[in-house]
Amino acid sequence: MDREIMQRAIDLAAESVKKGGGPFGAVVVKDGKVIAESANSVTPDNDPTAHAEVNAIRLACKKLGTFMLDGCEIYASCEPCPMCLGAIYWAHIKTIYYAGTRSDAAKAGFDDDFIYREINIDPEKRSVPAFNFMPNEGAAVFKLWLDKEDRTNY
């Protein structure tokens with residue numbers, strides 16, 4: 001854990017608020033060196049996926065020329081939401097450090113607990129219902145993937 005790096009994530013969040021963005025910042029680190037950093041840019045970019053962690057992961061991957069951030073750590077000004085947590089896991093980041101909690105975020109109007117609850121509900125019973133449609137055709141694509149000898153696993 002590095003206080004200076006966490007403070008940078010917090011500073012990015014504060015700068016974002018002053019510029020009209022959301023109060024979130026993130027820094028990706030490898031071997032003690034900052035690889036990438038970003039703030040939330042959902043509203044300036046009109047992009048609901050432009051959370052600080054996702055933005056920082058994208059920048060780090062681009063800089064390192066890889067989609068796997070093995071050996072990296074992420075410092076976030078707040079506990080990652082479900083989307084960001086998923087991105088962190090998919091990127092294979094080894095450790096998450098966060099300052100504010102999801103309870104702090106909820107008190108500021110960023111309550112994502114409903115998403116955590118939705119994950120455990122049958123898809124068709126969620127508040128945004130999801131229905132399995134054309135499952136055989138969908139499964140066929142995975143067979144195509146498995147049959148591809150030169151695929152890049154992730």
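Values below: all heavy atoms of this structure, side chains included; hydrogens, waters and symmetry mates excluded.
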Quiz item: Do you know which two heavy atoms are closest between Arg151 and Asn153, and how far apart they sit?
Solution: NE-OD1, 3.0 Å
Quiz prompt | Taking every non-hydrogen atom, the tightest pair across Cys78 and Ala105 | solution = SG-CB, 3.9 Å
Exercise. Taking side chain to side chain donor-acceptor pair (under 3.5 Å) as the test, write out the residues that go with Asp47, two or more places apart.
Key: Thr49
Quiz item: Between SG of Cys72 and CD1 of Ile88, what distance do you get to the nearest 0.5 Å?
Solution: 11.5 Å
Quiz item: By side chain to side chain donor-acceptor pair (under 3.5 Å), which residues pair with Arg3, not counting sequence neighbours?
Solution: none
Quiz item: Between Asp113 and Arg102, is there a salt bridge with N-O shorter than 4.0 Å?
Solution: yes
Practice problem: Could you list all the salt bridge (charged side-chain N to carboxylate O under 4.0 Å, His left out) pairs where at least one residue sits in residues 80-92, not counting sequence neighbours? | Solution: none
Quiz item: Looking at Val54 and Met83, what are the two nearest heavy atoms and their distance?
Solution: CG2-CE, 4.1 Å
Quiz prompt | Residue pair His51 / Val42, side-chain heavy-atom distance below 4.5 Å | solution = yes
Please list every donor-acceptor pair under 3.5 Å in which a side-chain atom of residues 139-149 meets a protein atom from a residue at least two apart or in another chain.
{"residue": "Lys143", "atom": "NZ", "partner": "Asp147", "partner atom": "OD2", "Å": "2.7"}
{"residue": "Lys148", "atom": "NZ", "partner": "Asp150", "partner atom": "OD1", "Å": "2.8"}

Practice problem: Mind jotting down which residue pairs meet the ring-ring contact (aromatic ring centres under 6.0 Å, His included) criterion with at least one end in residues 56-106? Sequence neighbours excluded, please. | Solution: Phe67-Tyr154, Tyr75-Tyr97
Quiz prompt | Side chain Asp112, main chain Ile115, donor-acceptor under 3.5 Å | solution = no
Exercise. Show which residues join Leu59 in its hydrophobic cluster (side-chain heavy-atom contacts under 4.5 Å, direct or indirect), or state none.
Key: none
Practice problem: Please test Met1 against Met6 for side-chain contact (heavy atoms from CB on, under 4.5 Å), starting from the C-alpha separation and ending with a verdict. | Solution: CA-CA 8 Å; Met1 290 181 272; Met6 181 58 81; over 6 Å; no
Exercise. Return yes if some donor-acceptor pair links the side-chain N/O of Asp104 with the main-chain N/O of Thr101 below 3.5 Å, else return no.
Key: yes
Quiz item: With sequence neighbours left out, which residue pairs that include part of residues 48-61 fulfil the salt bridge (charged side-chain N to carboxylate O under 4.0 Å, His left out) condition?
Solution: none
Quiz prompt | Over all atoms of both residues, closest heavy-atom pair of Ala60 and Ala36 | solution = N-CB, 3.5 Å
Quiz item: Looking only at heavy atoms, what is the nearest atom pair of Ala56 and Ala26, with distance?
Solution: CB-O, 3.9 Å
Quiz prompt | Sub-4.5 Å side-chain heavy-atom contact between Val27 and Leu12 | solution = yes
Quiz item: Is it the case that one hydrophobic cluster holds both Leu69 and Val34, taking links as side-chain heavy atoms less than 4.5 Å apart, direct or via other members?
Solution: no
Exercise. Let me see the working for Leu64 and Ile35 under side-chain contact (heavy atoms from CB on, under 4.5 Å), right down to the final yes or no.
Key: CA-CA 8 Å; Leu64 295 175; Ile35 302 300; 3.8 Å; yes
Self-check item: Selection residues 8-17 - residue pairs positive for salt bridge (charged side-chain N to carboxylate O under 4.0 Å, His left out), sequence neighbours left out
Solution: Arg8-Glu15, Arg8-Glu37
Quiz prompt | Pairs where residues 125-139 contributes a residue and the test salt bridge (charged side-chain N to carboxylate O under 4.0 Å, His left out) is met, not counting sequence neighbours | solution = Asp122-Lys125
Quiz item: More than 12 non-hydrogen atoms from neighbouring residues, nucleotides or ligands closer than 6.0 Å to CD on Glu124, yes or no?
Solution: yes
Quiz item: Is a side-chain N or O of Ser77 found less than 3.5 angstrom from the main chain of Gly25, in a donor-acceptor match?
Solution: yes
Quiz item: How does the hydrophobic cluster around Ile121 look, that is, which other residues are in it when side-chain heavy atoms under 4.5 Å mark a link?
Solution: none
Self-check item: ring-ring contact (aromatic ring centres under 6.0 Å, His included) contacts in which one or both residues fall within residues 104-126, not counting sequence neighbours
Solution: Phe24-Phe110
Quiz item: Atom CD1 in Ile74, atom CD1 in Ile96: separation rounded to 0.5 Å?
Solution: 7.5 Å
Practice problem: Please tell me if the side chains of Asn55 and Asn40 come closer than 4.5 Å, counting only heavy atoms from C-beta onward. | Solution: no
Quiz item: With distance as the sole test, does Thr43 use its side chain to make a donor-acceptor pair with the main-chain N or O of Gly20 at under 3.5 Å?
Solution: yes
Practice problem: Could I get the full list of side chain to side chain donor-acceptor pair (under 3.5 Å) partners for Thr152, not counting sequence neighbours? | Solution: none
Self-check item: Pro44 side chain reached by Lys19 side chain, heavy atoms, under 4.5 Å
Solution: no
